Number of protein chains: 2
Amino acid sequence: MGNVDQRLPLYQRLRDEIAAQIASHVWRPGEAIPTEAELAASHSVAVGTVRKAIQTLVDEGLVERFQGRGTFVRRPSFDSSLFRFLRFHGPEGRHEVPESKILDRSGLIGPDPVIKALRLPTGTEVIRLLRQRLIKGWPVLAEEIWLPRARFEPILTMPLDEMGALLYPAYERFCGEIVASAEETLTVEGVAAPFDTILSLPQASPVVVIERLAFGYHGGPLEWRRSCAPASTFRYHIEIR
Amino acid sequence: MGNVDQRLPLYQRLRDEIAAQIASHVWRPGEAIPTEAELAASHSVAVGTVRKAIQTLVDEGLVERFQGRGTFVRRPSFDSSLFRFLRFHGPEGRHEVPESKILDRSGLIGPDPVIKALRLPTGTEVIRLLRQRLIKGWPVLAEEIWLPRARFEPILTMPLDEMGALLYPAYERFCGEIVASAEETLTVEGVAAPFDTILSLPQASPVVVIERLAFGYHGGPLEWRRSCAPASTFRYHIEIR
DNA sequence: CAGTGGTCTAGACCACTGC
DNA sequence: CAGTGGTCTAGACCACTGA
């Protein structure tokens, strides 16, 4: 902390300092960071330099600016990521948030692939959640979720009915862990246990598998997740330049 | 052309003017646009304003800047788009550019979905290319490509062996049409004719279908393409914030 | 070496927000 | 209305490129 390379441009060093403070929860998501004038004064740089530093944070998605109101730490919205990949919508074209049903919750020694994905030492204890997501009672998504137990103990013991359909808010409220970014890898496979029964699909039906590794503000992995959906519900749109 | 809304910020109007000139091929891809100082003088604005206008063009992927050299019109590279979606690589992990074999080339009245995708009036003539792409003799990709005949007549008549493995350079060289951007939509389907035989897959095997609509610098659609690959070769990676 | 974009400053004025 | 970010200017100096 506070260690800066003097060769870097001023605005870069300022950006890094602000980013580190966001990572340290000096300001929490939704809160405003100091104004341009304040930052310029406290760091003894010109306002223009502060503006450039903040602009890079905006480009990186770490903060949002609103004219006349201030600059705010951004809370990433992952709800939309589901809809980027899968077409869950009602007959009128509206998105529906699938309900959530936890089928299994257990603590265990992390299996090898999980340990590797979460970058933990061999033998570390982890939490496994097996989750079914439904729309109008129909299973549309099956998820296996892995968390390092040390950071997420409350998730293992808390009442399931307090967890809600979205996990990330629960992570923040009960474990103080905030998801800042994620990587997803998408493949098409034949469905395998235990996802086949959860989705009530015949063996080896084509499914889309989304592997997501979620990171905290400090950059370390927080959660590894494998989600599985029938291939017919998959649709992805992208713009290329 | 030259029609600008006086309410827009200076740097926006400047951006639009430069973008329009790029679209009009005042400078072609790879060429340098005027320096910051020249643009500032010719438009009677400060250099800082020019910088901001150019920065937005950089963010949009229209130009590239190089310190000490200049600012250059960017040529989008679509070769990489293939590899974003499909894992074609040799045993050593290196990417391989698949060879290309044109199975059919014909001019015809545009079928309804093609006409709609390319936004042409009903009854317009189009060119259809059916293409097989192979790695080490194995078919890995099947493509159906549709072009408005009026703009792409040379593609219909030129010798096939002058076309090469990449179509976009051919479009530019023989038809003067430059692809500036594209949209892709990705779905998983059961393979259907004529792609099943081209890929030598059993009926209804799972395949990834990539529909690409490519646009020119003026914003209108130039090419519509449906590509089809066995689902097992599909892999997509994305970062989320 | 001259010419380019990159960094940084200092300040003016505008447009929007919320009290 | 005071306070915020947004636009715009004018100029200094630095770092890199290519002849």
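As the structure is a computational prediction, the values presented were derived from the model and not from experiment. Proteins get letters first, then strands, A, B, ... in listed order; numbering begins at 1 in each.
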Quick one: which of [options] gets closest to the side chain of [X]?
{"X": "B/Pro9", "options": "C/dC8, C/dG5, D/dT7", "value": "D/dT7"}
{"X": "A/Arg51", "options": "C/dG5, D/dT7, D/dT9", "value": "D/dT7"}
{"X": "A/Thr71", "options": "C/dG5, D/dG5, D/dC8", "value": "D/dG5"}
{"X": "B/Arg65", "options": "C/dT4, C/dG6, D/dG5", "value": "C/dG6"}
{"X": "A/Ala46", "options": "D/dT9, D/dG6, C/dT9", "value": "C/dT9"}

**Message:** On DNA chain C, compare the nucleotides closest to A/Thr49 and A/Gly68; which residue's is nearer the 5' end?
**Reply:** A/Thr49
Side-chain contact test, heavy atoms from C-beta onward, threshold under 4.5 Å: evaluate it for [X] versus [Y] and give yes or no.
{"X": "A/Arg131", "Y": "A/Lys101", "result": "no"}
{"X": "A/Glu183", "Y": "A/Phe215", "result": "yes"}
{"X": "B/Val114", "Y": "B/Trp224", "result": "yes"}

**Asked** With a 4.0 Å cut-off on heavy atoms, is B/Val45 in touch with a base, just the backbone sugar-phosphate, or nothing at all?
**Response**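 Answer is sugar-phosphate: B/Val45 comes under 4.0 Å of backbone atoms only.
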**Separation between CG of B/Leu118 and CG of B/Leu222, rounded to the nearest 0.5 Å** = 9.0 Å
Please report, rounded to the nearest Å, how far the [atom2] atom of [N] is from the [atom1] atom of [X].
{"X": "B/His43", "N": "D/dC8", "atom1": "NE2", "atom2": "C1'", "result": "16 Å"}
{"X": "B/Glu64", "N": "C/dG6", "atom1": "CD", "atom2": "P", "result": "12 Å"}
{"X": "A/Glu36", "N": "C/dC14", "atom1": "CD", "atom2": "C1'", "result": "14 Å"}

[X] side chain N/O closer than 4.0 Å to the phosphate oxygens (OP1, OP2) of [N]?
{"X": "B/Tyr11", "N": "D/dT7", "answer": "yes"}
{"X": "B/Arg69", "N": "C/dG3", "answer": "no"}
{"X": "A/Lys52", "N": "C/dT7", "answer": "yes"}

**Item:** Watson-Crick/G-U partner (both atom distances under 3.5 Å) of D/dG3
**Value:** C/dC16
